[in-house]
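Taking it in order: structure first as structure tokens, then the write-up.
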Number of protein chains: 2
Amino acid sequence: MAKRDSQGKALSDYPRPSVAVDTAVLTVPAGGPLSVVAVTGDGDLRLPGTFLHEGETLADAVGRSLVEKAGITGIHPVQLHVFDAPDRDDRGWVLSVAHLAPVRMSQLADRARTELVPVAELPPMPFDHAEIVALAVAELRARHAEHPDPFGLLPEPTFTIRELHELHEAVAGHALPRDTFRRLMEPQLVPTGSLARGTVGKPAREFIRGGA
Amino acid sequence: MAKRDSQGKALSDYPRPSVAVDTAVLTVPAGGPLSVVAVTGDGDLRLPGTFLHEGETLADAVGRSLVEKAGITGIHPVQLHVFDAPDRDDRGWVLSVAHLAPVRMSQLADRARTELVPVAELPPMPFDHAEIVALAVAELRARHAEHPDPFGLLPEPTFTIRELHELHEAVAGHALPRDTFRRLMEPQLVPTGSLARGTVGKPAREFIRGGA
DNA sequence: GAGAATTAGCGCAAATCTGCGCGAATCTCC
DNA sequence: GGAGATTCGCGCAGATTTGCGCTAATTCTC
């Protein structure tokens with residue numbers, strides 16, 4: 001039995017918006033550019049989304065929408081912004097909570113249902129989806145600015161500085177000075193004691209994340 | 001007439017949460033510490049808040065709640081985060097969109113209804129209000145890190161580097177090296193051509209915000 | 001096996017940033 | 001008017017960061 005206010009009304013007696021989630025799923029293909037996962041909607045490419053169900057957190061709804069619409073599992077969404085223009089959706093009063101969900105390529109199990117679009121080459125998208133992508137890219141870049149692989153996007157738990165550097169360059173969308181990068185990141189890494197094998201050139205040390 | 005889906009249902013036929021706004025109103029009293037505006041609730045100090053009304057944006061709701069509960073006008077809220085735990089409010093299913101609203105002291109017209117609490121001395125607060133304050137403080141500090149007076153908190157449109165420095169130190173909650181600060185901020189300021197008068201010591205140049 | 005190509009690690013010099021302290025410019029008091 | 005206190009602006013030297021290029025260590029090719 002829901003509590004009632006001074007006028008005998010429960011919360012559900014008042015007008016309330018529907019709450020949707022829309023997610024910019026960002027990934028870095030091996031050797032490729034930072035890309036966003038798009039799904040096909042009404043003849044266009046758009047971000048996966050859904051409505052929040054009773055008893056769910058927003059992250060639960062994001063997870064459900066990604067499993068259902070894109071076959072993506074194991075995500076850890078980050079809230080970006082609430083889009084709240086009262087007239088943004090012609091079906092009625094809808095708020096959309098925009099999210100970022102960074103994923104490894106290996107988490108994209110069902111590639112037939114999704115399209116990988118480089119964020120630098122975004123096609124027209126409905127609603128405020130282009131803006132959501134921009135917010136997501138900015139957030140991903142901000143988090144990569146100071147810390148090594150903050151979302152665990154590298155394919156393996158151990159990696160070389162070069163591999164880390166390449167990931168961060170793909171995220172940034174431009175070259176990063178290698179020495180400055182190494183000096184910033186290395187103190188935040190733990191050497192495994194092993195060297196990379198089978199690569200051309202001097203074998204590089206391997207690391208995992210962690211450290212001072 | 002609201003649009004209907006494949007099952008003949010309108011959006012309002014589905015369960016929907018109530019959406020609330022809670023606001024950390026932050027200000028810097030002259031010569032004082034960074035402080036948050038609290039209002040009296042059920043025998044405690046809490047942040048001002050309200051429910052989103054139909055046809056409103058979240059910022060509209062923030063503005064309404066601050067006028068009604070704290071007599072504060074002219075605010076420009078910044079969204080921080082959506083608190084979405086399904087059981088966070090015993091009245092029913094409520095999402096709360098937390099906001100930051102920086103204000104000048106002069107905007108606090110009705111001081112009888114509000115309490116100014118230094119953010120470093122926060123009392124126990126209900127719900128997630130302490131966390132909202134922490135998020136707001138972090139956001140305010142992040143925005144002050146690189147740009148001069150980003151929210152226009154200084155009492156006057158023209159100011160000296162010293163005045164700006166003092167504001168930024170109050171926001172940061174600790175001393176900031178004066179030369180590094182001046183070298184970072186000054187290129188972002190436009191000199192008015194005037195010097196401060198009536199102060200002890202060499203008269204300082206006055207500036208407004210703007211510039212490369 | 002030898003040589004070429006490629007890459008990693010890092011010391012060093014150049015570039016940039018930071019803090020200090022000095023002279024300049026005011027206000028206050030005697 | 002002068003002395004003392006205070007503050008501002010900034011040049012300079014010390015501290016820190018950055019980029020270069022060298023040697024070391026591998027793979028690839030003939």
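The chains referred to below are lettered A, B, ... by the order of the sequence lines, with proteins before strands, and numbering in each begins at 1.
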Task: Distance, nearest 0.5 Å, that separates CG of B/Leu80 from CG of B/Leu100 - done: 5.5 Å
Would you indicate which nucleotide in [options] comes nearest to any side-chain atom of [X]?
X: A/Arg182; options: C/dC10, D/dC8, D/dC28; answer: C/dC10
X: A/Arg183; options: D/dG19, C/dG9, C/dG21; answer: D/dG19
X: B/Pro177; options: D/dG21, C/dG19, D/dC8; answer: C/dG19
X: A/Pro203; options: D/dG9, D/dA25, D/dG21; answer: D/dA25

Task: Under 3.5 Å: donor-acceptor pair, side chain of B/Arg209, backbone of B/Leu189 - done: no
Task: 5′-ward residue of the pair B/Thr199/A/Ile161 relative to DNA chain C - done: A/Ile161
Integer-rounded Å distance: [N] [atom2] and [X] [atom1]:
X: A/His165; N: C/dG9; atom1: NE2; atom2: P; value: 13 Å
X: A/Leu195; N: C/dT7; atom1: CG; atom2: P; value: 17 Å
X: B/Lys202; N: D/dT7; atom1: NZ; atom2: P; value: 14 Å

Open item on the list: Under a 3.5 Å cutoff, is there a donor and acceptor pairing between the side chains of A/Gln188 and A/His147?
Closed with: yes
Open item on the list: Do A/Arg64 and A/Thr50 pair up side chain to side chain, a donor and an acceptor below 3.5 Å, judged on atom types alone?
Closed with: yes
Task: Sugar-phosphate, base or nothing in reach of B/Arg197, heavy atoms under 4.0 Å - done: sugar-phosphate
Open item on the list: Tell me if the side-chain of A/Asp179 makes a donor-acceptor pair with the base of D/dC20, cut-off 3.5 Å, by modelled atom types.
Closed with: yes
